2 protein chains.
Amino acid sequence: MTLEGLYQQILTKRSFLCVGLDTDIRKIPSHLQDSPSGGLDFNRSIVDATHDLAIAYKPNLAFYEARGAAGWKDLAGTLEYIRNVNPDIFLIADAKRGDIGNTAGMYARTFFEELDFDAVTISPYMGRDSVEPFLEYKDKWVILLGLTSNPGAEDFQFLPLQDEGKKLYQEVIRKASTWAGPDQMMFVAGATRADLISEIRKIVPDHFLLVPGIGAQGGSLEEVVKAGSNDLVGLIVNSSRSILYADNSESFANKARANALELQQAMSMHLPD
Amino acid sequence: MTLEGLYQQILTKRSFLCVGLDTDIRKIPSHLQDSPSGGLDFNRSIVDATHDLAIAYKPNLAFYEARGAAGWKDLAGTLEYIRNVNPDIFLIADAKRGDIGNTAGMYARTFFEELDFDAVTISPYMGRDSVEPFLEYKDKWVILLGLTSNPGAEDFQFLPLQDEGKKLYQEVIRKASTWAGPDQMMFVAGATRADLISEIRKIVPDHFLLVPGIGAQGGSLEEVVKAGSNDLVGLIVNSSRSILYADNSESFANKARANALELQQAMSMHLPD
């Protein structure tokens, strides 16, 4: 998908919501847990309930790998289902991979050719040659971990560098933004502190930011938009558990839709008419 | 596997060789490429030819994921085969994962419960809570990326920190070594420069180092041993392509064994009698 295509979808749906398909078989409604197709059925129901409200889906690969070959089949089946329902949705493999050149090339082939994802999340530690094989695919995207929202982010991402006391995550984002423009690269920017999102926006004025860690609270969404939006919106905001596991009954999809709708309506207020 | 068990295996086999099972279906001998079981058959032949010379196998997950559900079946089949042939071999999932706590827990379950690996490689960028779920498994190991051997290592791993100009990789190794002792954690230490391995050995005198990037050359092996060994050897040296793809004919396993034997014999000279 192109940058223009993504922006158009945001305007059309009046949303920059990403639904994180972190489908844990132990957490889905019990009537689905015992069915061999339960994981896939759950995802289909979530997609049916949210695809007019979300511009992106983001399966975290861990939840599929945990079920081995069966999980990989569910992942492929989910992507196929989404593409049939709505071919223009932006599909993110939340994989956080990062490996040397030839191995990164294998991952790129998996996510972009075998599985038809639009984007993949990448960990920056191994540097440029771990990212480049993904950038060889036109109209596909790398979403690099910049600042993450977990407590462990403090361990290394905030280390002050000799270079003017700049933090590691700031240098990661600055340097990586020279490897690819806003038409092929985005950055993960943890949403726990809006002032840090403002800082990241200064380093990369034009790149999209993928913001995890937002619940159904309009308040923190408003802060993120204030801190992080740019002329093309520039934000994809993810919600996973608050949509997927909002209700554990057979009618779980209704509550999932209600929560997604609440987020979409809040987002709509921040979009140009 | 315990630290003591690993050391005993090294002494018994007079080897600290790890064979990297980076099985690329496009590179295996042509008579196997067209068979649905070709990938698994190839791995079985490599294991048959090397299991008395190697103390560890390290499949890089990328090469299996690239073939989707079929690749995952081959991975599981390969592990099962190795366990049957030689239950004491150390099995490393070269996955380079790193994700927030609950997701890291899913990966830990996959590699340690579903797949019976002994160890998994982890990327440090997301910090302590991305590592801890793996450490909850007794007698299982985390192998953290410290210094990698690829060109992109220069981009971030060598950034000088404000703290006395210490490099990022040095601080990563120092801090992570406080999370787990030498009985549960190892570090990846790229072998392209022996002086850097000496430096890492000073930071973690007792942890094992997993050293990639060694070919069949006795010379660089000698330098690595000089720079990195400790009282319990403290090294696992990996070789992938120089064993797997040494010969492309139907008798590929003979040449694979010959190259593994050459490495094992060179290693033997550095082990106590």
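In this text, all values refer to a predicted model and were calculated from it rather than measured experimentally. Naming: A, B, ... by sequence-line order, numbering from 1 per chain.
At a 4.5 Å heavy-atom cutoff, Ala104(A) makes no contact with chain B through either its backbone or its side chain. Heavy atoms of Leu61(B) lying under 4.5 Å from chain A belong to its backbone as well as its side chain.
Taking Phe208(B) as the reference, nothing meets the ring-ring contact (aromatic ring centres under 6.0 Å, His included) condition, with sequence neighbours excluded.
Of all the listed residues (Gly71(B), Ala108(B), Pro160(B), Ala153(B)), the one sharing the greatest number of non-hydrogen pairs under 4.5 Å with chain A is Pro160(B). Of the listed residues (Gly68(A), Gly98(A), Ala76(A), Pro124(A)), the one with the most heavy-atom contacts under 4.5 Å to chain B is Pro124(A).
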Scan chain B against chain A and return every donor-acceptor pair whose distance is under 3.5 Å.
unit_1, atom_1, unit_2, atom_2, d
Asn60(B), ND2, Asp99(A), OD2, 3.2
Ala62(B), N, Tyr107(A), OH, 3.4
Glu65(B), OE1, Arg97(A), NH2, 3.1
Glu65(B), OE2, Arg97(A), NH2, 3.0
Ala66(B), N, Thr110(A), OG1, 3.3
Lys96(B), NZ, Asp99(A), OD1, 3.1
Lys96(B), NZ, Asp99(A), OD2, 2.9
Arg97(B), NH1, Tyr107(A), OH, 3.3
Arg97(B), NH2, Glu65(A), OE1, 3.1
Arg97(B), NH2, Glu65(A), OE2, 3.0
Asp99(B), OD1, Lys96(A), NZ, 3.1
Asp99(B), OD2, Asn60(A), ND2, 3.2
Asp99(B), OD2, Lys96(A), NZ, 2.9
Tyr107(B), OH, Ala62(A), N, 3.4
Tyr107(B), OH, Arg97(A), NH1, 3.3
Thr110(B), OG1, Ala66(A), N, 3.3
Ser123(B), OG, Ser123(A), OG, 3.4
Tyr125(B), O, Gln157(A), NE2, 3.0
Tyr125(B), OH, Gly146(A), O, 2.7
Met126(B), O, Asn150(A), ND2, 2.8
Arg128(B), N, Asp155(A), OD2, 2.7
Asp129(B), OD1, Asn150(A), ND2, 2.9
Asp129(B), OD1, Gly152(A), N, 2.7
Asp129(B), OD2, Asn150(A), ND2, 3.1
Gly146(B), O, Tyr125(A), OH, 2.7
Asn150(B), ND2, Met126(A), O, 2.8
Asn150(B), ND2, Asp129(A), OD1, 2.9
Asn150(B), ND2, Asp129(A), OD2, 3.2
Gly152(B), N, Asp129(A), OD1, 2.7
Asp155(B), O, Lys175(A), NZ, 3.2
Asp155(B), OD2, Arg128(A), N, 2.7
Gln157(B), NE2, Tyr125(A), O, 3.0
Pro160(B), O, Gln162(A), N, 2.9
Gln162(B), N, Pro160(A), O, 2.9
Lys175(B), NZ, Asp155(A), O, 3.2

